[in-house]
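Chain A is the first sequence line, chain B the second, and so forth, proteins listed ahead of strands; every chain is numbered from 1. All heavy atoms count here, side chains included; hydrogens, waters and symmetry mates do not.
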Amino acid sequence: MLDKKYDHKLVEENRYQKWEDNHYFECGDTSKKPYSIVIPPPNVTGKLHLGHAWDTALQDIIIRFKRMQGYDCLWLPGTDHAAIATEAKVVARLKEKNINKYELGREEFLKECFKWTDEHKSIIHSQWAKLGLSVDLTKERFTLDDGLSEAVKYVFVELYNKGLIYRGERIINWDPVAKTALSNEEVIYKDVEGAFYHLKYYLKDSDKYLEVATTRPETLFGDTAVAVNPNDERYKDLIGQTVILPLVGKEIPIIGDEHADPEFGTGVVKITPAHDPNDFEVGNRHNLERIKVLNEDGTMNENALQYVGMDRFQCREALIKDLDAKGLLISIEKITHSVGHSERTDAMVEPYLSKQWFVNMESLSKRVLENQKNKETKVNFVPPRFEKIMNNWMSDCHDWCISRQLWWGHRIPAWYRDEEIYVGLTAPEGDGWVQDEDVLDTWFSSALWPFSTMGWPNKTDLYERYFPTDTLVTGYDIIFFWVCRMTFQSLEFTNQRPFAHCLIHGLIRDKQGRKMSKSLGNGVDPMDMIDKYGADALRYYLTTSTAPGMDLRFDEEKLTSTWNFINKLWNASRFVLMNIGTIKEINLTNLNQESKWILTKLNNTIKDVTKYMEKFEFNNVGSVLYSFIWNDFCDNYIEMAKFSSDAVSTQSTLLYTLTCILKMLHPFMPYVTDAIYDSLPIHDENIMISDYPVYDKQLVFKDSENNVNEIINFIRSFRNTLKENNIGSNYQVKINFKEELIIKMLKLQEKITNEDLEITKFKVSSKNYEAIIYYEKEITEDDLKLIEKQKAELQASILKRTNLLNNANFVNKAPQDLVAKEKEKLASEKLELAKLEQR
RNA sequence: GGGCGAUUAGCUCAGUUGGUUAGAGCAUUAGUCUUACAAACUAAGGGUCAUAGGUUCGAGUCCUAUAUCGCCCACCA
């Protein structure tokens, strides 16, 4: 028997261990059809946040549902080494101990990283368990483990051999704090206060000058030209002449290039090919020298004259002061402009000329776009609009910079000897080869996740059986980073999509709609919420509160009401258990009308819930279940069942309905449903491996449903009449029916009279039932007003409906059953009005 | 500049291929210990569905435009 009160802590304690001990999460029953999901591997950088809880709860719901539907389910868990993110954390931790990464050396530093990883993996494991996730831990992978590293190397070498990976000197995004290159996707643009510095670039041997505006004056040491638009009347005659670079005194040419926009600023732009991507292109067109002025850490290098060694921002300040002193500064114009910042270190990113490895995206992205046109093989996004995000990105994407000047990650399988390059799975034969120091972008390995985790490139049983996966669940914020890249790598290397469905969810925000972040301090720890309300409540709330793809405003009050819902389920279960005696089997014959009614409702619910589960519309599942359980089962059926609880059919119906409810709720709230299910007198080994309810036509009774619906509505209007008219308990009633259910529910036995009494009457009626309530009472102004109001409403409705039915277009074009319904309704409204007028 | 989303009750959100009187939770009002549950029960109030047009017998839903808010991408010398 269940405890008197629902206590989520008692319910959830030790239950996960039991599931694991029984190996319920493990896949491998080859007699069943396979279904697979790979977890988006959380970074080993820290604890899981609410976003993870949401994302993984969704997956657990899908996998538990499919498991109960009889699939052999693989939910493959794992973690991501998260190159730069983890490296930054470890560097910070070492710094606390006054240890510098470079002094420590590569090998020792990596040991520290692995130590960090192990600590965080175990935190993640315990959090997965708290959340109740049914991941198959025997299949767990880590992006840096041996198998995955082999896959990464294999892919790198293959792409290199196909000419899709190349090494080149380009302008990339440089993070001067982490001292590494970044991909475009790792740069966050933020509006910052800055300035346009207007400088004088004097023409050679002249007192005339060009006014050049720049936001980064410190790069002028790298200027190798100034550009004007060749069609700009103001300047076109100057093309071919030279100007003197301020302070430096060097002579640089004035060139004509379309890049200079006559409408923007002064129309003159300084060209710094080593520090700006556009200038780099201009430099290529005009064969300009590339002069770097910055070191890797963002300080000025030897080209910066006396400013050498200064930080870039210090230099800017000093330089401007000196330019001003020499009369070379015209003005400082305050502006806000958007400036790139490193996603991980938040440092201002510097466009920087550097030799890096790139993936040529042209053919890879084209293949994704082609594949999305094929209905049979495309990745199906839910909701579908997110496909556009992938397609847009794929139709306009730059080459992917994949090398990172870090230590934590997959080291690039390239070796150099003088001018020679060797790329291969293992080091080349011979002396003098030096391996590339750099590692790969962390997304390079995650892009292979759906198949590398299954043992690919080896043709393992796991890979053959579970790949391609069925569904991937992730937030819309990482469609570029991850979903796109998995898709092109999968198409390129396996000739298959990585997953058939991609369920996209939104972001969690705080109650005011702000993004949760450390700097705002508005983050909520899912473990605190589990502590307060239980994992079941948290999971149900997160997964049923929004439509697919929408953001979620986290609201703790709603967690409370979810807890209440579970408490309601708990108590309803207690009622059932207290009333079914020593039932041995479920026998659904000789059913009374209310049992037929709830079974009909139940089967319609099963049908709807299954439909919505298949479509990943969990918010709809939630509302259908909520109203069925609370309104139909608890408020109505249990109340009615109290009058027939000694009947076998009622006991069977109670138990049967509750069992189905528990099974449908199980994917959402695994703990409490397991606990209740265990205490039922009739049950399978475990709810999570029991059969999902199936719509049963035999248990649908249309007539009973209609009649009991009418009874319920009649009871409501009866109570409403008592309440609205302030009728005390000493009324008498005359009824035209013998329906026991109504009499019992309204406790009318003692009040029934057969006479017409000469006191105030109130009529309650429906299609089949009518009651006249007699009550000693003065009719007040308010009572009359109420009657007038009701009459007016009815009359308005009758008028509207009459007009509708007089409309030939409606009668001819609308579906016939709708027209019939309207007619029926009109008739009953007229009847009701007539009754009101009698009063 | 290109794209996407949102705008529905006091708040947070649903609303299916167009079809009853547009729903839920919380909040509000009035009543109730009714032996599963007072974190409950019973009943009630509350919405010109952002605005303006259009299509249709019929529009929260489809089309066009506008406004406000948010997000993504590109650009930003």
Applying side-chain hydrogen bond (donor to acceptor under 3.5 Å, both in side chains), can you list everything that pairs with Glu333(A), at least two apart in sequence or on another chain? His198(A)

Extract from the structure each pairing of a protein N or O with an N or O of nucleotides 46-48 of chain B at less than 3.5 Å, listing the distance.
none

Check each of Phe628(A), Phe633(A), Tyr626(A) against Trp630(A) using the ring pair (Phe, Tyr, Trp, His ring centres under 6.0 Å) test, and report the only one that passes. Tyr626(A)

Out of U20(B), C75(B), A36(B), which nucleotide sits closest to the side chain of Asn571(A)? A36(B)

Heavy atoms only, 4.0 Å cut-off, all strands: where does Arg216(A) land among base, sugar-phosphate and nothing? nothing

Quote, to the nearest angstrom, the C1' distance that separates G15(B) from U8(B). 9 Å

Give Trp570(A) one of three labels, base, sugar-phosphate or nothing, depending on what nucleic acid heavy atoms sit under 4.0 Å from its own. nothing

Within residues 802-817 of chain A or reaching into it, pairs that qualify as side chain to side chain donor-acceptor pair (under 3.5 Å) - sequence neighbours excluded: none

Just call it for Leu2(A): base, sugar-phosphate, or nothing, with non-hydrogen atoms closer than 4.0 Å on any strand. nothing

Give Ala213(A) one of three labels, base, sugar-phosphate or nothing, depending on what nucleic acid heavy atoms sit under 4.0 Å from its own. sugar-phosphate

For Ser766(A), which residues count as a side-chain hydrogen bond (donor to acceptor under 3.5 Å, both in side chains) partner, sequence neighbours excluded? Glu710(A)

Using a heavy-atom cut-off of 4.0 Å across all strands, would you classify Tyr6(A) as base, sugar-phosphate, or nothing? nothing

Across all chains, not counting sequence neighbours, the salt bridge (Lys or Arg N to Asp or Glu O under 4.0 Å) partners of Lys607(A) are none

Report the distance from atom NZ of Lys823(A) to atom C1' of G19(B), rounded to the nearest whole Å. 16 Å

Tell me: NZ of Lys813(A) to P of G18(B), nearest whole Å? 16 Å

Name all residues meeting the side-chain hydrogen bond (donor to acceptor under 3.5 Å, both in side chains) criterion together with Asn184(A); count only those two or more places apart in sequence or in a different chain, and write none if there are none. Asn173(A)

For Asp261(A), answer base if it contacts any base atom (sugar-phosphate contacts may also be present), sugar-phosphate if it contacts only those atoms, and nothing otherwise; contact means non-hydrogen atoms under 4.0 Å. base

Taking only the side-chain heavy atoms of Lys723(A) (C-beta and beyond), determine which of A14(B), A30(B), C37(B) contains the nearest atom. A30(B)

Taking any heavy-atom pair under 4.0 Å as a contact, classify Arg801(A): base, sugar-phosphate, or nothing. sugar-phosphate

By the 4.0 Å heavy-atom rule, please label Ser797(A) as base, sugar-phosphate, or nothing. nothing

Between A36(B), A77(B), G19(B), which nucleotide gets closest to the side-chain atoms of Cys634(A)? A36(B)

Canonical and wobble pairing (Watson-Crick, G-U, under 3.5 Å) of RNA chain B, dot-bracket with |: (((((((..((((.....[...)))).(((((.......))))).....(((((..]....))))))))))))....

Sequence neighbours excluded, which residues qualify as salt bridge (Lys or Arg N to Asp or Glu O under 4.0 Å) partners of Asp232(A)? Arg234(A)

With a non-hydrogen cut-off below 4.0 angstrom, is Phe196(A) in contact with a base, only sugar-phosphate, or nothing? sugar-phosphate

Nucleotide of A77(B), A40(B), U20(B) approaching Trp630(A) most closely (side-chain heavy atoms): A40(B)

Which residues pass the salt bridge (Lys or Arg N to Asp or Glu O under 4.0 Å) test with Glu350(A), sequence neighbours left out? Arg216(A), Arg312(A)

Under 4.0 Å, counting only non-hydrogen atoms across every strand here, what does Glu617(A) touch: a base, just sugar-phosphate, or nothing? nothing

In terms of side-chain heavy atoms of Asn720(A), which of A44(B), A36(B), U16(B) is nearest? A44(B)

Output yes if the stacking criterion (under 5.5 Å between centres, under 30° between planes) is met for Phe810(A) over the base of G58(B), else no. no

By side-chain hydrogen bond (donor to acceptor under 3.5 Å, both in side chains) - contacts of Tyr612(A) (at least two apart): none

Send over the distance from Phe616(A) CZ to U16(B) P, rounded to a whole Å. 19 Å

Side chain of Asp635(A) only, heavy atoms from C-beta on: which candidate in C41(B), A39(B), C76(B) is closest? C41(B)

Name the nucleic acid region contacted by Ser561(A), choosing base, sugar-phosphate or nothing; use a 4.0 angstrom heavy-atom cut-off, strictly under. sugar-phosphate

Letter by letter from the 5' end, nucleotides 4-13 of chain B scores (B base, S sugar-phosphate only, - none; protein heavy atoms under 4.0 Å) SSS-----BS

Students often get this wrong, so: under 4.0 angstrom with heavy atoms, is Lys642(A) touching a base, only sugar-phosphate, or nothing? base

Excluding sequence neighbours, so at least two apart, what forms salt bridge (Lys or Arg N to Asp or Glu O under 4.0 Å) with Glu594(A)? none

